[in-house]
Every structure is written in C-alpha cells, then in structure tokens.
Amino acid sequence: MSPTPMTRTDLSNVQVAKDYTGLCGLVADRIANLVQTKPNAVLGLATGSTPLGVYSALVRRHREEGLDFSRVTCFNLDEYYPMSPKSLHSYRQFMAMNLFDYINCPNWFVPDGLRRSASEIEQDCLEYEARIADAGGIDLQLLGIGRTGHVGFNEPGSAPDSRTRLVTLAEVTRQDAAPSFGGIDNVPRQAVSMGIGTIMDAREIVMMATGAGKAAIVRAAWTEDPTDHIPATWVRRHPNVHLRLDESAASLLLEADA
Ligand code: GLP
C-alpha cells in the first residue's frame, strides 16, 4: 500500500525571523502592543531559555519607553516540585531575576512548588485555575516547546482537557534540565503545571522556538495529527495560535512544506 500522501501544512500562522534577536523582537512587539491596547491584560508566561530575549526586550521597553505593566496580571505555566520559592532553581526566582525585578508588575503568580500533601496540592491547583478565571482569563499565553513536545510541563500522555495539576517529568526533560541543576540527580521528578486545557483557554497563544535542536519537534508539532504523544500538537488546533521561529528552528518545517 502506498503511504498516505502528506497534506500541505498550514503555515499561515507561522512567522520566521532571521535569528534569535529577530524572533524575540517579534514576540516582544506583540506583547507590548497588547499591553498598550489593553493595560489590564492577563499574560501567561513561560520559563526556559527560549523566552529570555523576550523578557529582556520587555525590560528595555519598560525602561526606555515607559511600557507600563502596573495593571497587567501574569500567570506562569509551571514550577518544579518539590521546590522552595527561594531556591535559585525555582521558576519563581527565574521569573524575578529575568523579568519581574525590572518591570512595574505587582501581580504575578507562579504555581507553588512547596512540598505538601496531595490534597493540599490539588486544592492549590484549583485555586490557581480560579485565580486565572477571576482575572478574566489569559489574553496571551507565551509558550516554548520541550524536546518531548511538552508545553509547560505537559509531557507526552497529557490529555487535551487537562488542568493545573501535579505531573511527572519525562527523562529527556530531566536530562535537559540537568546542567542547570548540577547533575540529573538534583533535578526534581515532578512539577506543578497548568494543563493543556488551561493553556487552550487563552484567547491567543504565541509559541516560540529557537535553534536547530528544536527543528524536529517543531515540525512534528505543526505537521502531525493531534495526539497525546506530542502535547504541542493540541496547541496547533487553537483558533488564534501563532508560531514564531528563527531560521534554524524552522528549517525542517519549511522542508516538510517544500
Ligand atoms: C521547560 C519549561 C517549558 C519550556 C521548556 C523548553 O521544560 N517547563 O515551559 O518550554 O523547558 O526550555 P528551553 O526554552 O530552555 O528549550
């Protein structure tokens, strides 16, 4: 039997910048534009190395152009578990050190990674969801993508209707985090993460990826049928999703489309 012919990928929501600086400029411009048009915007933010340049561009625009975050509310996707909010490995500290210490945004939230009972975690996850809803829902969710195709810490197997919860990290994800933890043995095995359903509720999603190391998973995310095996494939189904890449991250996707 001949293989099913590949349908052309819809690339209308994909934009490719020449390099990482250009990519971060594109994404920072979109966020700045939203904050200017809707001063009480609700942002969903991501960690990892990918959005770092976006955060420094926003800090620069705050300092040089007075971009105002005073009425903005931010919710981060995830936190390692167990993790003290004071630890330098925590995503809370990551966000403080890379963004919130340098802009005027008093309202920002990161899931709590402190060790506690399963029922307390469950309760706190429900409260995180309720807090997002009370803020009016997320206007723009920024996402990176992990090598497993995870978004936030929604590893393969995550259901499209999953909500904020305690999750188990994939080995690949722990290996990727090992250098910053000084070895894999120090990397937590779990995390608290917004679910795919939580992410899909955002009114707009901007997924970004940089570098050749992400080219294969970017192609899979944007060409494979939605599947729990590659959580990012669900994101592509969002009615207002934008994929922003640099040339190296886009290389295999563009090849697939050629
Ligand atoms: C972590 C984060 C994700 C992020 C991913 C990729 O797993 N929880 O939100 O997208 O890392 O990280 P990087 O941007 O460093 O490649």
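When a ligand or atom number is given, it counts from 1 through the structure's own listing order.
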| request: Answer with yes or no whether the hydrophobic clustering places Ile103 together with Trp108; edges join I, L, V, M, F, W, Y residues whose side-chain heavy atoms lie under 4.5 Å apart. | output: yes
| field | Taking atom 8 (N) of ligand 1 as the reference point, the nearest protein heavy atom with its distance | value | Asp78 OD2, 2.8 Å
| Can Arg147 be said to touch ligand 1, with heavy atoms closer than 4.0 Å? | no
| task | Looking only at protein heavy atoms, identify the closest one to atom 7 (O) of ligand 1 and say how far it is in Å. | result | His150 NE2, 2.8 Å
| note | Nearest non-hydrogen protein atom to atom 4 (C) of ligand 1, with distance, is Thr47 O, 3.9 Å
| query | Do we see a donor-acceptor contact under 3.5 Å between the side chains of Thr173 and Glu155? | reply | yes
| According to the ring pair (Phe, Tyr, Trp, His ring centres under 6.0 Å) rule, which pairs have a member within residues 128-172, sequence neighbours left out? | Phe75-Tyr128, Tyr80-Phe153, Tyr91-Phe153, His150-Phe153
| message | With a 6.0 Å cut-off (strictly less than), is the heavy-atom count around CD of Glu171, excluding the residue itself, greater than 12? | response | yes
| From Asp201 atom CG to Glu129 atom CD, the distance as rounded to the nearest 0.5 Å | 7.5 Å
| Where on Leu143 is there a heavy atom closer than 4.0 Å to ligand 1, on the side chain, on the backbone, on both, or on neither? | neither
| task | Apply the test side chain to side chain donor-acceptor pair (under 3.5 Å) to residues Asn154 and Arg165: give CA-CA distance (whole Å), side-chain angles for both, the deciding distance (0.1 Å), then the verdict. | result | CA-CA 10 Å; Asn154 293 283; Arg165 69 210 184 288; 3.0 Å; yes
| Going by distance only, is there an N or O of Thr173 that falls short of 3.5 Å from an N or O of ligand 1? | no
| said: Give me the nearest non-hydrogen protein atom to atom 12 (O) of ligand 1 as residue plus atom name, then the distance to 0.1 Å. | reply: Gly48 CA, 3.8 Å
| remark: Ranked by distance from atom 6 (C) of ligand 1, the top protein heavy atom is Ile145 O, 3.8 Å
| Against heavy atoms of Phe153, which atoms of ligand 1 measure under 4.0 Å? | 1 (C), 7 (O), 8 (N)
| said: Is it the case that the side chain of Asn76 and the backbone of Asp78 share a donor-acceptor pair, with hydrogens and angles ignored and the cut-off at 3.5 Å? | reply: no
| What atoms in ligand 1 come closer than 4.0 Å to a heavy atom of Gly144? | 10 (O)
| task | Looking only at protein heavy atoms, identify the closest one to atom 1 (C) of ligand 1 and say how far it is in Å. | result | Tyr91 OH, 3.4 Å
| message | Heavy-atom distances under 4.0 Å decide this one: backbone, side chain, both or neither, for Thr50 against ligand 1? | response | both
| For atom 3 (C) of ligand 1, the protein heavy atom that lies nearest, with its residue and separation | Gly152 O, 3.5 Å
| request: Taking the side chain as every heavy atom from C-beta outward, state whether Tyr81 and Asp112 have any pair of such atoms under 4.5 Å apart. | output: no
| request: Tell me, yes or no, whether the heavy-atom count around Arg60 atom CZ, taken from other residues, nucleotides or ligands under 6.0 Å, exceeds 12. | output: yes
| query | How close does the nearest protein non-hydrogen atom get to atom 16 (O) of ligand 1, and which residue and atom is it? | reply | Lys214 NZ, 2.5 Å
